[in-house]
Amino acid sequence: MIQTSPPSPARLRVMFYLPVVTPWWFANIVVHLIRVMARDHDVHVLVPPLWRGTGMGPDQLALVDDLTHVQWHLLDGPDHPRLRDDASGEDDLFEFVAAIEPDLTLCRSADIKSPAHFPGVVRYIMESAAPPLETAPAWVSLTQGLFDYGVMPEITQTQAARLDAFATTFDYALSTGGFGSRASWLEANGLDKDAMIIGLPLEYEHEENFFGQHHRYPDNPSLIAGVADALPDGAVLAVTNHPLNELYGDNSGIEAALEGLGSRAAMLPSTSHAGSATLALAKHCDGMIVGNSKSWSACAAYGTPLMRLSGFATGGWANAYTSLDAFFADLERGAAITADPAKARRWFAYHLLDQAFDPADPSLQASDIINRIAKPVDPARWVPALSRHHSQGLEQAA
């Protein structure tokens, strides 16, 4: 069993539970983690067959045909689609997992009810992006919840001081954004400089994305309508689309919702750099509303008031609003609170140096992954991590 003290060299039973792994995620992230853990531990992989762009098919099997020492379990029963969103009623699944008796489970799952009942320690494999800082697309974090943002464990004053010192190495990227003045940006995007501009980055919607069940609204058009209903008079809702929606999605519902709002809402044009339209909006809007979008961290970096529509946790230092009425009332009074700037930079340093990592790093060991879970704060990781980030282009995402 994983302890909070340095991990034992004994072999562990490690289970990968992957109901919503996509082919890209499998090839670029999960296969590397499986290989690393299988060098030193007994590994079981539970994955359904391909359905709606998630699961495992022949192309994924070809990537791991040499891993004959890994136990592969294809969950191909007639109810396998239910594994994607809620398998809490699948008794056969729990009996199967109980027989494996994993010490550690690493999940790519949108269902949080079922893994909560697995034996041993459970962690979710999640994106580690923290705009406006850039990390490689395949870098991940191992988290206790799906969308708990800005949460930090207890640290000592000495550790806090070290993180604060590290944060100065990328302070420029957190402070500027390189998007020009507010007035020029508003003019370039056809927005009224005298209006209250409320930013709204949309969520990724596609048949392969089962994480949408955790959003406050059922879809992006409903999100737009719900926020617009609460807008103060004269405020303008400035919307940015998710880059993957633009590539793969049906945006007709979004377009119809915005058209119905007339001059009260506008869709900002995308840019050549994915996500930078949202970064500029986070820098220059009067306040931003997010659900489970990673864009929340740009507001923390730029000192922009943040409203979060989510049932997941947000670090207290971010001072995120949870009530639209309170959010808009404070904005109208010019009294909206923002993230604590010093603690924001500390969190960025902690996240990038202690949480985010590259699963394809050739130096990565199983003990490194176990240590990340057993010791959520480990200063021994910080200097090597900073070196890797800088070598791979930790910079302003603009």
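Bear in mind the structure is a predicted one, so any value in this text is a computation, not a measurement.
In this structure, M56 and V47 approach most closely via the heavy-atom pair SD-CG1, 3.5 Å. Summarising the geometry of L104 relative to L106, their closest heavy-atom pair is CD1-CD2, 4.0 Å, with the distance given to 0.1 Å.
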- Start with the C-alpha gap between D250 and S252, add the side-chain angles, then the distance that decides, and say whether side-chain hydrogen bond (donor to acceptor under 3.5 Å, both in side chains) holds. CA-CA 6 Å; D250 176 3; S252 58; 2.8 Å; yes
- Message: Using side chain to side chain contact (heavy atoms under 4.5 Å, CB included), reason through I254 and M267 one step at a time and then give a plain yes or no.
- Response: CA-CA 9 Å; I254 296 171; M267 172 70 81; 3.6 Å; yes
- Task: Mind running ring-ring contact (aromatic ring centres under 6.0 Å, His included) on F312 and H214 for me, showing each step along the way?
- Result: CA-CA 9 Å; F312 292 94; H214 301 295; 5.7 Å; yes
- Given the rule in the side-chain hydrogen bond (donor to acceptor under 3.5 Å, both in side chains) test, do R84 and T54 qualify, once you have shown the distances and angles that lead to the verdict? CA-CA 8 Å; R84 273 69 174 193; T54 60; 2.9 Å; yes
- Task: Go through F211 and N292 one step at a time and tell me if the side chain to side chain contact (heavy atoms under 4.5 Å, CB included) criterion holds.
- Result: CA-CA 9 Å; F211 293 96; N292 294 319; over 6 Å; no
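Looking at S109 and D111, their side chains never bring a donor and an acceptor atom within 3.5 Å of each other. Checking D171 against T168 by side-chain atom types alone, no donor-acceptor pair falls below 3.5 Å. Checking S128 against S141 by side-chain atom types alone, no donor-acceptor pair falls below 3.5 Å. N251 and N241 share a donor-acceptor pair across their side chains, judged by distance under 3.5 Å alone. For the residue pair S88/D86, the side-chain donor-acceptor check at 3.5 Å is satisfied.
Residues L74 and P49 are in side-chain contact: their nearest non-hydrogen atoms beyond the backbone lie under 4.5 Å apart. A 4.5 Å side-chain heavy-atom check between P201 and H242 finds every atom pair outside the cut-off. Two residues are said to be in side-chain contact when any heavy atoms from C-beta on lie closer than 4.5 Å; T143 and D148 fail this criterion. Using a 4.5 Å cut-off on side-chain heavy atoms (C-beta onward), D103 and V121 make no contact.
More than 12 heavy atoms of other shown residues, nucleotides or ligands fall within 6.0 angstrom of atom CD in E207.
When atom types are taken as modelled, the side chain of H351 and the backbone of A356 share no donor-acceptor pair closer than 3.5 angstrom. In this structure, the side chain of R13 engages the main chain of I100 through a donor-acceptor pair within 3.5 Å. Between the side chain of D286 and the backbone N or O of I198 there is no donor-acceptor pair closer than 3.5 Å.
Between H215 and F147, the ring-plane angle classifies as tilted under the 30° and 60° cut-offs. Between H206 and Y204, the ring planes are parallel. Angles under 30° get that label, and only those over 60° would be called perpendicular.
Taking CG of L353 as the reference point, atom CZ of R388 lies at 9.5 Å (rounded to 0.5 Å). To the nearest 0.5 Å, atoms CG (D219) and CD (E205) are separated by 5.5 Å. Note that CE of M196 is 10.5 Å distant from CG of D233, once rounded to the nearest 0.5 Å.
D42 pairs by the salt bridge (charged side-chain N to carboxylate O under 4.0 Å, His left out) definition with R11, not counting sequence neighbours.
Between D164 and R345 there is no salt bridge, since none of the side-chain N atoms of the basic residue sits less than 4.0 Å from a carboxylate O of the acidic one. Salt bridge E127/R108: present, at least one basic N to carboxylate O contact under 4.0 Å.
Aromatic rings from F118 and Y17 are positioned such that their centres are separated by under 6.0 Å. Aromatic pair F179/W185: centroids not less than 6.0 angstrom apart.
For K283 and Y302, the positive end sits near the middle of the six-membered ring, less than 6.0 Å away and at most 45° from its axis.
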